[in-house]
Each structure stands twice: as C-alpha cells, then as structure tokens.
Protein chains: 2
Amino acid sequence: MSTDQHKIPQATAKRLPLYYRFINNLHHQGKLRVSSKELSEAVKVDSATIRRDFSYFGALGKKGYGYNVEYLLSFFRKTLDQDELTKVALIGVGNLGTAFLHYNFMKNNNTKIEMAFDADKGKVGEEVGGVSVYHIDQLEDMLKNTDVAILTVPSSEAQNITERLVEAGVSGILNFTPARITVPDHVRVHHIDLSVELQSLVYFLKHYPLDEEE
Amino acid sequence: MSTDQHKIPQATAKRLPLYYRFINNLHHQGKLRVSSKELSEAVKVDSATIRRDFSYFGALGKKGYGYNVEYLLSFFRKTLDQDELTKVALIGVGNLGTAFLHYNFMKNNNTKIEMAFDADKGKVGEEVGGVSVYHIDQLEDMLKNTDVAILTVPSSEAQNITERLVEAGVSGILNFTPARITVPDHVRVHHIDLSVELQSLVYFLKHYPLDEEE
DNA sequence: TAGAAGTCGTGATTTTATTCACATTCTTTA
DNA sequence: TAAAGAATGTGAATAAAATCACGACTTCTA
Ligand SMILES: NC(=O)c1ccc[n+]([C@@H]2O[C@H](COP(=O)([O-])OP(=O)(O)OC[C@H]3O[C@@H](n4cnc5c(N)ncnc54)[C@H](O)[C@@H]3O)[C@@H](O)[C@H]2O)c1
Ligand SMILES: NC(=O)c1ccc[n+]([C@@H]2O[C@H](COP(=O)([O-])OP(=O)(O)OC[C@H]3O[C@@H](n4cnc5c(N)ncnc54)[C@H](O)[C@@H]3O)[C@@H](O)[C@H]2O)c1
C-alpha cells in the first residue's frame, strides 16, 4: 500500500482529508462540478495551492470546466482508503478521552475507535459511546491488528504507555498529552497540544499586525 | 503591545509556548542551565532550529555555556505575557467543551476560560469546571473585554456564532468545528480539526516509508 | 460558428523554514 | 595560566511550500 508516489509533500498530505470532507459536502448538496476557486473559498486554501495539490495525483480536472464532484469524490475515497477501515485504540478515558469516544470520528471516515483502556477500575467494563473500556493491564492481550492509538492519559504516564503501545505493534500515535514522547523510527507520532494552540493564538494576537496577512 | 519585531517567523512563534513549558519544567526540577542539545531531545525540535528561534530575540545564551534556565524562564514569561491574563470564552458546552472547561488550560498559562455559553437550557446556569454557563442569547451582553473564543458548537452553528463573536469584539477564535469559518481580516482563526489530524496520520502511515524521516 | 469567459496544470519565482558548519567565546581543570 | 572541551549565534546552503502568471483547452452564448 506504501506506493511509489510518496513524493506528495507533507503539507499537501495534511490537506487531503480536508478536501475530502468538503467534496463530500458538495456531493451531498447535489453539486456536479466545482472550481478550485470555489473550493478555495470553502476551505480557505489558496486556489493555486489546491490545483497544485490535486496535480500531484495527475489531471483530476478539466481546463475551462473545473472538477467533476463525483469523480473527485471517488478519487479521494480511493486515495484516503475509505474502504479499508483503520482500527484505533484510545488510552485514557478521562475528560478528553470520553469526548472522543462519544464522537468517534465516524462522520465520513476511514477510522474507528474499537476499544478503550483505562487504569481506573470504576471505568473498566463500561461502554462509552459504544466502545468497551478495558483495564490497561489487558493492553497487550487485547491490542491485535491495531495500528493507531489515541493517547489521552495524564502526561506523566505518556512515555510509559507509549512504550507498551509500540511493543504491542502500534505504528501511529495521536498524542494529546503535553509530553513529547520518544518512539523508534518506524513509529509516527502527531502531537496535538491544545494548550500550545491556545497560547500561540494569543501570541499571534498580541504580536502580529491586526490587519492584512493570514 | 504589538511591538515592532513581528519579524519572528510564524513557525517560530508556534514553538514558543512549547519551549516555555519545557523550560518551566526544568526550572521546577531545579536545573540551572540547559543546552540547545538537551532541549532538542526534550521537545523533539532540531537543536539548530532552537538556537535560531531563540536568536530572533537576541542573544539569550552564552557560548560554551548554554542557556541559564532562570533567565530563559523570565524571558519567556515576559514574552508570552504570562502576567497579563487573556480572557477566553467557550461556546458550546458539549462533549468537547465540557472537557476543556474541566481542564481550563491553567497549568502554566496566561489564559483562562472565564465564561461559557450554550443554547441548551438544561446546561445554562450550571457551573462546569468552575466556569458559569450562560445562555447563548446573552452572548452580546456578557462578552466584554474578551479577546478569544473557543468554538465547540455543532458545525452548522459555527458561522452564525462566529459572526456574533466578531461583532462582540472577539479577535481570535480557536475553532474545533469542521466548518471553515469566514471572518474579517482583523480576526485570526486557528482551526483544530481533530478528524483531519487522525485521518492524515493514517494517510502518512499508509503512504510514507516506514523507517527514516519524521 | 465564432468569440468571450472560465479554468486547469504547471514552469518559474518567491517566500518561508530548516539545517549545516564553524569562528567565537565561555567554562573547567590541572 | 594555558589548553581542552563545550556550546552559542549566524552566514550560507538547502529544502519545502506557496504563489504568480500564462498557455492550452472547454464551455457557453449569441
Ligand atoms: N481535557 C482537556 O481539555 C485537555 C486539554 C489539553 C491537554 N490535555 C491533556 O490530555 C490528557 C488527558 O486529559 P484529561 O483532561 O482527559 O485528563 P483526565 O485526568 O480526565 O483523564 C485521564 C484518564 O487517564 C486514566 N489513566 C491514568 N493513568 C493511566 C494509565 N497508566 N493507563 C491508562 N489510563 C490511565 C485516568 O484514569 C483518567 O481516566 C492529559 O495529558 C492532559 O494534559 C487535556
Ligand atoms: N467531541 C469530539 O471528539 C469532536 C472531535 C472532532 C470535532 N468535534 C467538533 O466539535 C464540535 C463540538 O463537538 P461535541 O462532540 O462537543 O458536540 P456536542 O453536540 O456534544 O456539543 C455541542 C454543544 O453546543 C451546544 N449548541 C448547539 N447550538 C448552539 C448554539 N447556537 N449556541 C451555543 N451552543 C450551542 C449544544 O447544546 C451542545 O451542548 C462539533 O462541531 C464537532 O464536529 C468534536
């Protein structure tokens, strides 16, 4: 599956799910075609950037016409592996973890949280958002064929749990703890650091010119 | 406050709160000095990048020595306006909103969620995580001197609420809804799109070589 | 059917960010 | 006090991303 053309820029790859969602919306609205300009207004990405992004996958559009929504949609479905479901485990059924379980990222996705783990006996055995919560001691037993984990434990536990996840064969971690975890080269971590996001927004507000740019 | 040197690259500005947090940790641990190399290992940012980032603020370190933790800390405190508290409002006390209210980003921060709003009468009047929940109809009345809003409403409400926030004088919005909202130039929006984050992680796992590069 | 309007795909350019690599300076120690 | 070692700050190089700008082709309209 790790096909040749991993020459897609990372910045592009990060935008693909966004495009996918909006194209899906358009489809539901019954739109038949769309231009890079329209799409640009909807997703707030420069239209030239959109055309460039799409062009890495070949000629998806028609000059003078734009893009066929149906075609684009089927292309993205294929590319983002809509069909092949990625199993996700969530570790730490606290405030954040619970919110994620209720949401479960299922709107138009290729991912599903299949199980959750917690150290708190009070939570073990419950179902949250339709997902069973197991005890963290059972992690190694239960975690089969699970590629991705969402980490929402206290930051002090993050590194320890990470090592167990890696050992159990997880290859991608979405880390919501403020800890910067260390992993082997073959594991990919995306840090989502909500406090940093808030603080950097505040920094931009205070230090960057109010009008123009961005 | 919007000082001259807004010539700090955006990429640098986004890392500042991260640095700040780790320096704070070091300080608590009683460390007196730190090198860019050590810091690099902790925050997973190349050491040259760290030195470059710091250098935008002048010479914060000493050659052959490294950085004095205390000095660095006081510098960051000043720079990130630790003293001046930024008031934040949260709109939408649902799954995510509730989690944020309980957390309240107060660990070492310059931000505080001071009030929350929801359309659900059942939630109005409650206190969640020590924050009072008001009815969304009261938004314009209550929202004074609030610069930043966190948006955790259903995506269909996002644009509408955004317009009211902007009208009420908010200049920064942290948007957790999948909707890409439209704002005037003087308002800054940071989108945090959790589904996209998860999907793009999956995409990277499937399409990018397993070893090397992160 | 012809001309106008619209839009893509992409070379070229520009902008932004990262990384290399080293002269310089500080610390430490004997 | 001198020599070895450590680590900064930064010019230069490189890499990555965004944007410009236009030729080529499509569609629409009269
Ligand atoms: N809640 C937020 O809004 C928010 C915002 C930013 C960052 N974070 C970070 O996200 C993480 C989770 O935050 P939270 O508010 O949900 O915390 P929380 O305390 O509500 O939840 C943590 C959960 O992890 C469980 N846990 C503890 N040790 C464990 C272990 N060894 N194995 C398995 N489970 C374990 C706890 O029982 C608890 O249910 C924290 O690292 C926090 O810093 C949270
Ligand atoms: N929960 C998650 O894990 C998660 C993940 C990704 C994205 N999101 C996005 O975050 C947003 C919130 O998600 P959630 O799971 O918390 O949803 P939710 O339905 O639990 O919460 C939404 C809250 O907004 C309130 N609300 C509705 N209309 C309102 C209005 N006009 N004014 C004020 N409040 C109003 C509702 O009463 C409810 O309390 C959604 O847009 C969702 O797509 C959530």
Side-chain angles (χ1 to χ4, degrees), chain A residues 5-16 18-19 23 26 31-72 75-76 191 200 203-204 207-209 212-214, chain B residues 5-16 18-19 23 26 31-72 75-76 191 200 203-204 207-209 212-214:
Chain A
Q5 8 98 292
H6 71 272
K7 268 305 86 187
I8 288 141
Q10 301 223 356
T12 296
K14 288 195 182 167
R15 284 187 290 262
L16 296 180
L18 182 63
Y19 295 145
I23 291 158
L26 292 176
K31 279 207 92 186
L32 298 179
R33 63 149 144 165
V34 65
S35 68
S36 59
K37 185 145 165 292
E38 285 174 276
L39 216 37
S40 168
E41 277 149 27
V43 300
K44 316 290 180 195
V45 170
D46 186 272
S47 68
T49 301
I50 293 177
R51 293 200 300 282
R52 173 80 61 197
D53 284 346
F54 286 6
S55 78
Y56 292 114
F57 299 95
L60 302 181
K62 283 211 191 89
K63 299 185 178 188
Y65 173 86
Y67 301 90
N68 178 291
V69 171
E70 185 107 28
Y71 179 72
L72 221 42
F75 168 78
F76 272 97
H191 292 277
S200 79
Y203 181 84
F204 278 113
H207 296 270
Y208 283 68
E212 77 206 0
E213 63 97 42
E214 152 80 346
Chain B
Q5 9 96 291
H6 72 272
K7 267 305 87 192
I8 288 141
Q10 300 224 358
T12 296
K14 287 196 182 167
R15 285 187 290 261
L16 297 180
L18 182 63
Y19 296 146
I23 291 157
L26 292 176
K31 280 208 93 189
L32 299 178
R33 62 149 145 169
V34 66
S35 68
S36 61
K37 186 147 163 290
E38 285 174 276
L39 217 38
S40 168
E41 276 148 29
V43 300
K44 316 287 178 197
V45 170
D46 186 272
S47 68
T49 301
I50 293 177
R51 294 200 298 282
R52 173 81 59 198
D53 283 348
F54 286 6
S55 79
Y56 293 114
F57 300 96
L60 302 182
K62 284 209 191 88
K63 299 187 178 184
Y65 173 87
Y67 301 89
N68 178 291
V69 171
E70 184 107 30
Y71 179 73
L72 220 44
F75 168 77
F76 273 97
H191 293 279
S200 78
Y203 182 84
F204 277 114
H207 295 270
Y208 282 68
E212 79 207 359
E213 60 101 37
E214 137 79 346

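Below, read A as the first sequence line, B as the second, and so on, with proteins coming before strands; counting in each chain starts at 1. Hydrogens, waters and symmetry mates play no part in the numbers below; they use all other heavy atoms, side chains included. The model shown is predicted, which means the values in this text are computed figures rather than measured ones.
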Measure the distance from [atom1] on [X] to [atom2] on [N] and round it to the nearest whole Å.
X        : N       : atom1 : atom2 : result
Arg51(B) : dT10(D) : CZ    : P     : 11 Å
Lys7(B)  : dT16(C) : NZ    : P     : 7 Å
Arg15(B) : dT19(C) : CZ    : P     : 9 Å
Arg33(A) : dG6(C)  : CZ    : P     : 11 Å
Lys37(A) : dT7(C)  : NZ    : P     : 7 Å
Gln10(B) : dT15(C) : CD    : P     : 15 Å
Lys63(B) : dA23(C) : NZ    : C1'   : 7 Å
Asn68(B) : dT27(C) : CG    : P     : 11 Å

Measure from the side chain of [X], starting at C-beta and using heavy atoms only, and say which of [options] lies closest.
X        : options                   : result
Ser35(B) : dT28(C), dT7(C), dT8(D)   : dT8(D)
Tyr65(B) : dC28(D), dT27(C), dA12(D) : dT27(C)
Asp46(A) : dT19(C), dT19(D), dA17(D) : dT19(D)

Both conditions, 6.0 Å and 45 degrees, for the charged tip of Arg33(B) above the ring of Tyr65(B): are they met here?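 Verdict for Tyr65(B): a cation-pi partner in Arg33(B).
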
Between Val43(B), Asp53(B), Ile50(B), which is the residue that forms a side-chain contact (heavy atoms from CB on, under 4.5 Å) with Arg15(B)?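 Among the candidates, only Asp53(B) passes.
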
Could you check whether atom NZ of Lys37(B) has more than 12 heavy atoms from other residues, nucleotides or ligands sitting under 6.0 Å from it?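 Not more than 12 within 6.0 Å, no.
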
Sole candidate of Phe76(A), Phe75(A), Tyr67(A) that passes ring-ring contact (aromatic ring centres under 6.0 Å, His included) when paired with Phe57(A):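 Of the listed residues Phe76(A), Phe75(A), Tyr67(A), the ring-ring contact (aromatic ring centres under 6.0 Å, His included) partner of Phe57(A) is Phe75(A).
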
I'd like to know if Arg52(B) reaches the base of dT18(C) with its side chain such that a donor and an acceptor end up less than 3.5 angstrom apart.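 Side chain to base: no pair present.
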
Closest nucleotide of DNA chain C for Ala48(A) versus for Gly64(A): which of these residues is on the 5' side?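 Checking each residue's closest nucleotide, the 5'-ward one belongs to Gly64(A).
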
Should Ser36(B) be listed as having a side-chain N or O under 4.0 Å from OP1 or OP2 of dA7(D)?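 No, outside the criterion.
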
Under-4.0 Å side-chain N/O to phosphate OP1/OP2 contact, Thr49(B) with dT18(C):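 No.
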
Please tell me whether Tyr19(B) and Phe54(B) form a close aromatic pair, meaning their ring centres lie under 6.0 Å apart.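 Yes, the ring centres sit under 6.0 Å apart.
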
5′-ward residue of the pair Val45(A)/Gly58(B) relative to DNA chain D: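 On the 5' side of the pair lies Gly58(B).
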
What does Phe54(A) touch in the nucleic acid at a heavy-atom separation under 4.0 angstrom: a base, only the sugar-phosphate, or nothing?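 The residue Phe54(A) makes no contact with any strand.
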
